[in-house]
Amino acid sequence: MKFFHPQKFKKRQVSYAAKYLNWLFLTPCLLTLIICAGWPLIRTISFGFTDATLDNLSDISFVGVDNFVAIARDQDWWKAVLNTFVIAIVSVPLETIFGMVIALILHRNFKGRGWMRAIVLVPWTIPTIVSARMWAWMLNDSYGIINDLLIRMSVIKEPIPWIASNALSIVSIILVDVWKTTPYMALLLLAGLQSLPQDCFEAAEVDSIPFRTTFKSIILPLMKPTIIVAMIFRTLDAVRIFDLVYILSSGNNENATMSVYSRRFLVDYADVGYGSAAATVLLFFVAFLSILYISFNQKKLREMS
């Protein structure tokens, strides 16, 4: 026979109350998210199944999956998908490597470290449109300072069309993206370094262990969860890249990403139905990548723990 335990009953009541209280506190945030993000998202997805245009958003017809079938048959779309993943696959590892180097430097004690941390964050704090326009001027083959410096240093003999050339344009976009976002990765990784137990580093210094061994055997294993999370955030952001590509490539079809492709049909061609369908496909690309990335790395994190 089971006896009634008042203490256990009280604990259960407290846990239930705390659970409902958490949801009560989250309600304003959830309502704001539904109003600001949920409704526009549903509206965009619904437009993808119609023939809506910018000058006619009310008298529209349902076309089913015709827009999505047309996207799947469009070679420009698959070119945009390839460009997007090339930028993400190349830029994110470079940003992680450079960010780790900067984080390790800023983690050390030296004079002026506070000023150096502020200076390193400057590229990240500049609005993307401003930095993209700035680099577009610098990389211009007629009056850009990059070509001028390379010619003065006798590295090249004639100006290089960094932006005009399709192949070099992707390279330029990746380099500017790395310059822009490396400080963000450095900030995340620096926070992870500062959360590590400092006695490990002190013991390594006392034992005169080389930094290479310390990094490989202590820092890298302890930093793996932080690195994984930082790369997840950055990859999802890189897949949605728009403004940097749009300004540096001037909306060129050859270098367009999925976001630029969607914007072209939504605004330039005023085809809201087709553009919304492209934006919906991009949404599911990001959602699928998020689920895949998180589930895969959860297994790795469990193995490490």
Side-chain angles (χ1 to χ4, degrees), residues 80-108 113 116-136 138-139 146 162-163 167-196 211-212 215-216 219-249 255-260 282 285-286 289-290 292-294 296-297 300-301 304:
V81 172
L82 178 62
N83 291 336
T84 303
F85 281 96
V86 165
I87 293 171
I89 290 171
V90 176
S91 64
V92 173
L94 289 176
E95 291 161 5
T96 305
I97 294 170
F98 294 146
M100 176 61 77
V101 172
I102 295 172
L104 289 170
I105 294 172
L106 296 179
H107 185 62
R108 301 178 67 87
R113 184 176 66 169
M116 186 58 66
R117 287 181 178 179
I119 293 171
V120 166
L121 289 175
V122 168
W124 183 53
T125 57
I126 298 175
T128 306
I129 293 178
V130 176
S131 60
R133 180 55 62 189
M134 177 183 70
W135 277 98
M138 293 171 63
L139 293 170
I146 302 296
W162 297 102
I163 300 175
L168 289 176
S169 182
I170 287 289
V171 175
S172 302
I173 290 168
I174 291 172
L175 292 177
V176 175
D177 188 50
V178 170
W179 173 85
K180 165 74 178 170
T181 322
T182 294
Y184 171 73
M185 295 294 286
L187 185 65
L188 294 178
L189 297 175
L190 179 61
L193 281 172
Q194 291 179 336
S195 65
L196 298 181
F211 178 77
R212 187 175 180 180
F215 178 77
K216 185 179 179 180
I219 297 177
L220 198 56
L222 293 176
M223 282 289 292
K224 274 187 180 179
T226 304
I227 294 171
I228 289 172
V229 172
M231 291 188 70
I232 289 174
F233 283 138
R234 186 62 202 108
T235 303
L236 298 181
D237 192 39
V239 171
R240 297 181 292 108
I241 188 171
F242 169 75
D243 37 13
L244 192 65
V245 177
Y246 184 75
I247 293 173
L248 288 178
S249 65
N255 299 321
T257 58
M258 290 187 281
S259 297
V260 175
L282 173 59
F285 256 112
V286 175
L289 189 63
S290 304
L292 187 67
Y293 215 152
I294 291 172
F296 174 73
N297 286 296
K300 291 185 69 175
L301 290 174
M304 286 188 291

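Note that the numbering runs from 1 along the sequence shown for the chain. Hydrogens, waters and symmetry mates play no part in the numbers below; they use all other heavy atoms, side chains included.
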Determine the minimum heavy-atom distance between [X] and [Y], stating which atoms define it.
X: Ser172; Y: Trp162; value: OG-O, 3.2 Å
X: Ala103; Y: Ala186; value: CB-O, 3.7 Å
X: Arg117; Y: Leu190; value: NE-CD2, 3.8 Å
X: Val239; Y: Thr84; value: O-CG2, 3.2 Å
X: Ala230; Y: Leu188; value: CB-CD1, 3.9 Å
X: Met231; Y: Val92; value: CE-CG1, 3.9 Å

Measure the [atom1]-[atom2] distance between [X] and [Y] for me, rounded to the nearest 0.5 Å.
X: Ile228; Y: Thr96; atom1: CD1; atom2: OG1; answer: 11.0 Å
X: Ile247; Y: Arg133; atom1: CD1; atom2: CZ; answer: 5.5 Å
X: Leu189; Y: Ile97; atom1: CG; atom2: CD1; answer: 11.5 Å
X: Lys180; Y: Ser91; atom1: NZ; atom2: OG; answer: 14.0 Å
X: Thr181; Y: Leu244; atom1: OG1; atom2: CG; answer: 8.0 Å
X: Ile87; Y: Ile173; atom1: CD1; atom2: CD1; answer: 5.0 Å

**Report entry** side chain to side chain contact (heavy atoms under 4.5 Å, CB included), paired with Val245, selected from Val260, Val176, Asn83, Asp177
**Finding:**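 Testing Val245 for a side chain to side chain contact (heavy atoms under 4.5 Å, CB included) against Val260, Val176, Asn83, Asp177 leaves exactly one candidate, Val260.
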
Requested in this report: Check the pair Asp237 / Arg234 against salt bridge (charged side-chain N to carboxylate O under 4.0 Å, His left out), numbers first and verdict last.
Outcome: CA-CA 5 Å; Asp237 192 39; Arg234 186 62 202 108; 3.0 Å; yes

Query raised in the report: Do Thr226 side-chain atoms and Gly192 backbone N/O form a donor-acceptor pair below 3.5 Å?
Result: no

Query raised in the report: Counting only heavy atoms not in Phe233, do more than 12 fall under 6.0 Å of its CZ?
Result: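 Incorrect, the count does not exceed 12.
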
Query - Met134 atom CE: more than 12 heavy-atom contacts under 6.0 Å - result: yes

Query raised in the report: Is Phe285 close to Arg240 at the side-chain level, that is, under 4.5 Å between some pair of heavy atoms?
Result: no

**Report entry** Derivation of the side chain to side chain contact (heavy atoms under 4.5 Å, CB included) call for Leu220 and Ile227
**Finding:** CA-CA 9 Å; Leu220 198 56; Ile227 294 171; 3.9 Å; yes

Give every donor-acceptor pair under 3.5 Å between a side-chain atom in residues 118-126 and any protein atom, sequence neighbours left out.
| residue | atom | partner | partner atom | Å |
| --- | --- | --- | --- | --- |
| Thr125 | OG1 | Leu121 | O | 3.4 |
| Thr125 | OG1 | Val122 | O | 2.8 |

